[in-house]
Visitor: 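Here it is: the structure, laid out below.
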Amino acid sequence: MTRPMFQSVPSRRAVLAGGAALGALALSGGWQRALAAPLLTVESLTLDVNGKAAKVFAVKGPSGEGLFAKEGDRLTGAVLNASQSPAVMHWHGQIFAPPDQDRARPNGGELAPGGIDQVDFRLTPGTHWMHSHTLSEQQLLAAPLVTREADAGDVQDVVVMLHDFSFRSPEEILAELGGANAHGGHGGHGMGQQMQGMPGMAMPGMGHSGHGMGGMGAGPGAGMGAAMQGGGMQGGGMMVHANDVAYDAFLANRRTLADPEVVQVEKGGRVRLRIINGGTATAFFITVPGLKATCIAVDGTPCAPLAAEAFPLAQGQRIDLLVEIPAGGGAFPVLAQVEASPRRTGLVLATAGAAIARLEETADRPQGLLDLAFEGRLSALNPLAARRADKVFPIMLGEEPGYRWTINGRIHGEDVPFTVQQGERVEMTFLNPTGMSHPMHLHGHHFQVVGIGGRRFAGALRDTVMVPPHTPVTIAFDAGQKGEWFLHCHHLYHMATGMMAVVKVA
């Protein structure tokens with residue numbers, strides 16, 4: 001049986017106002033009807049998180065939150081900003097979207113409250129998503145953008161959207177980290193909520209949370225506590241750590257494990273889990289206890305099937321896992337555990353009548369740091385054709401005092417574009433001497449991972465790759481549509497404070 005599934009059992013606690021943000025699309029039925037009236041609306045609503053109300057955003061399609069289509073469909077229609085905040089929409093994973101539409105407005109700027117823009121492009125098959133390219137991404141301005149593959153087969157699709165959540169505003173979080181928005185945003189493209197002279201700036205010679213500049217000093221507020229909770233290890237004289245933001249909750253389809261979504265599945269059926277890491281600063285490990293899970297796609301592109309006990313998922317990445325439900329049925333959790341932490345979220349797959357046990361929000365033990373062991377085992381089903389690179393770029397990722405994150409020593413707005421010609425084979429090698437991993441994302445392209453730590457191999461096709469400290473990662477891609485495409489870290493607060501550059505395709 002083939003049907004989309006985002007939320008099958010609406011929670012009485014999920015939404016207090018603004019309508020049922022989740023589930024409407026799944027319950028309306030049919031991928032084909034999803035684009036019948038392709039108006040996307042950015043809305044404000046109130047969400048209940050563990051008994052406390054929070055103001056957040058939602059992206060509504062013609063049948064509910066998100067867009068679900070089939071291969072060959074186009075996204076043609078209007079984007080309406082019905083919220084009270086400016087919006088800058090990014091179509092994450094879409095390679096057919098023109099550069100202007102990739103940022104929602106022809107000039108790449110903000111869509112003002114009440115504003116409308118037109119979009120028109122062919123949708124890229126696979127598990128993708130759309131999200132704000134401003135600090136409002138932290139307030140859940142994100143949704144699935146899934147285009148079902150023509151060869152997906154007879155499987156039940158279950159979409160799992162992960163978020164890290166805070167009752168504090170993103171401006172407060174950034175101030176706690178000791179940073180400020182680089183030039184008020186994307187070098188003139190607008191960040192929605194602009195940061196100018198935020199309090200809590202780190203002093204020269206002091207890294208954030210005491211980690212960024214060789215462990216000298218201590219940063220303010222939640223950053224230090226989160227980093228201490230995140231654990232770490234020394235490497236190259238710098239403390240390597242995972243989590244520099246202290247979050248109040250972690251969500252799967254906007255619900256915590258205190259009140260998880262329960263998705264009904266069929267005995268003996270096959271389920272394709274389409275898992276999207278919409279976390280702004282959090283990486284996860286995905287597990288499916290009780291079921292054998294096989295990875296069949298990453299970042300919306302098919303890979304050689306690969307089984308594992310736990311699947312790493314960095315910010316911005318997606319993973320498609322195929323599982324088979326036993327003939328005898330039962331209840332099976334799909335869990336996302338925070339990197340270097342025991343905290344977790346998730347949902348439950350359950351057959352009719354199955355008993356569902358309570359799931360704790362804290363695991364028995366913390367996970368470790370994400371590494372590239374799994375990445376090094378992946379291989380694309382349709383790799384790039386073998387050819388010599390026309391352009392080769394070293395990309396040095398850096399951190400400076402004041403929570404400034406850089407590419408080749410510059411923050412965005414001061415950076416020099418990487419200029420290539422359409423059709424050229426481009427290779428980039430990311431070098432990361434900082435104390436944190438950086439999920440590097442390129443707009444408008446899918447690239448192949450072709451090197452890890454000096455080892456060359458034909459890896460997965462992706463649009464986001466994790467670059468851990470002290471391990472070079474090389475990617476290759478053929479320059480696509482003409483225009484200017486962002487290259488940035490998908491840790492929201494690293495991007496907001498400068499770790500973003502432009503790839504100019506001439």
Side-chain angles (χ1 to χ4, degrees), residues 1-6 25-26 28-36 38 61-76 91-97 121-130 143-162 253 263 265-266 269-278 286 288 293-307 311 313 316-325 334 349 378-385 444-449 458-464 477-478 480:
M1 182 176 183
T2 301
R3 65 177 183 269
M5 186 67 69
F6 192 3
L25 181 60
S28 70
W31 300 82
Q32 290 80 1
R33 290 208 304 269
L35 298 185
S63 303
E65 185 169 349
L67 280 177
F68 299 82
K70 67 182 189 304
E71 186 169 348
D73 283 341
R74 297 184 69 87
L75 177 58
T76 302
W91 315 107
H92 190 125
Q94 298 301 308
I95 62 174
F96 303 119
F121 57 87
R122 180 161 53 96
L123 288 163
T124 304
T127 303
H128 304 298
W129 61 306
M130 50 190 162
L145 179 54
V146 177
T147 303
R148 197 171 198 272
E149 306 83 356
D151 60 356
D154 186 21
V155 296
Q156 177 180 344
D157 293 281
V158 177
V159 176
V160 185
M161 186 92 180
L162 303 173
N253 293 355
V263 178
V265 295
E266 297 177 353
R270 294 193 307 157
V271 174
R272 182 172 184 157
L273 297 167
R274 299 177 181 268
I275 305 173
I276 303 165
N277 186 357
I286 309 300
V288 192
T294 302
C295 173
I296 58 173
V298 292
D299 291 359
T301 58
C303 64
L306 183 59
F311 301 88
L313 196 64
Q317 290 185 333
R318 289 85 67 211
I319 191 167
D320 289 22
L321 301 179
L322 189 64
V323 299
E324 293 189 5
I325 307 301
V334 178
L349 309 176
L378 288 169
S379 59
L381 280 187
N382 302 298
L384 293 179
H445 294 77
H446 290 167
F447 51 74
Q448 186 166 11
V449 180
L461 283 171
R462 287 192 170 279
D463 57 48
T464 307
F477 62 94
D478 294 331

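Because the structure is a prediction, the values reported are computed rather than measured.
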Visitor: Taking atom NE2 of H446 and atom OG1 of T301, what is their separation to the nearest 0.5 Å?
Guide: 6.5 Å

Visitor: So do the side chains of Q448 and F477 get within less than 4.5 Å of each other, counting heavy atoms only?
Guide: no

Visitor: Could you give me the CA-CA distance, side-chain angles and deciding distance for D463 and H92, then say whether side chain to side chain donor-acceptor pair (under 3.5 Å) is met?
Guide: CA-CA 8 Å; D463 57 48; H92 190 125; 3.0 Å; yes

Visitor: Would you check if Q156 and V263 make a side-chain contact, meaning some heavy-atom pair closer than 4.5 Å?
Guide: yes

Visitor: Which residue is it: M161, R274, H128? I am looking for the one with a side chain to side chain contact (heavy atoms under 4.5 Å, CB included) to R318.
Guide: H128

Visitor: Does the pair L349 and L273 meet the rule for a side chain to side chain contact (heavy atoms under 4.5 Å, CB included), with working shown?
Guide: CA-CA 10 Å; L349 309 176; L273 297 167; 4.2 Å; yes

Visitor: Show the nearest heavy-atom pair for residues L123 and A69, with the distance to one decimal.
Guide: CD1-CB, 3.7 Å

Visitor: Quick check for you: to the nearest 0.5 Å, what is the distance between I319 atom CD1 and N277 atom CG?
Guide: 11.0 Å

Visitor: What pair of heavy atoms forms the shortest contact from C295 to L378, and how long is it?
Guide: SG-CD2, 4.3 Å

Visitor: Taking atom OG1 of T76 and atom CZ of R122, what is their separation to the nearest 0.5 Å?
Guide: 12.0 Å

Visitor: Of all heavy-atom pairs between A293 and V288, which one has the smallest distance, and what is that distance?
Guide: CB-CG2, 4.2 Å

Visitor: Is there a side-chain contact between I286 and V160 (heavy atoms, below 4.5 Å)?
Guide: no

Visitor: Apply side chain to side chain contact (heavy atoms under 4.5 Å, CB included) to D73 and T147, showing your working.
Guide: CA-CA 8 Å; D73 283 341; T147 303; 5.6 Å; no

Visitor: Restricting to non-hydrogen atoms, name the atom on C303 and the atom on A297 that form the minimum distance, rounded to 0.1 Å.
Guide: SG-N, 3.6 Å

Visitor: Output, in order, the C-alpha distance, side-chain angles, deciding distance and verdict of side chain to side chain contact (heavy atoms under 4.5 Å, CB included) for L162 and I275.
Guide: CA-CA 8 Å; L162 303 173; I275 305 173; 4.0 Å; yes

Visitor: Please find the pair of heavy atoms, one from L67 and one from M130, that lie closest to each other, and give the distance.
Guide: N-CE, 3.8 Å

Visitor: May I ask you to test the E149-R272 pair for a side-chain heavy-atom distance under 4.5 Å?
Guide: yes

Visitor: Which atoms form the tightest heavy-atom contact between L306 and T294, and what is the distance?
Guide: N-CG2, 3.5 Å

Visitor: Does some side-chain heavy atom of I276 sit less than 4.5 Å from a side-chain heavy atom of T127?
Guide: yes

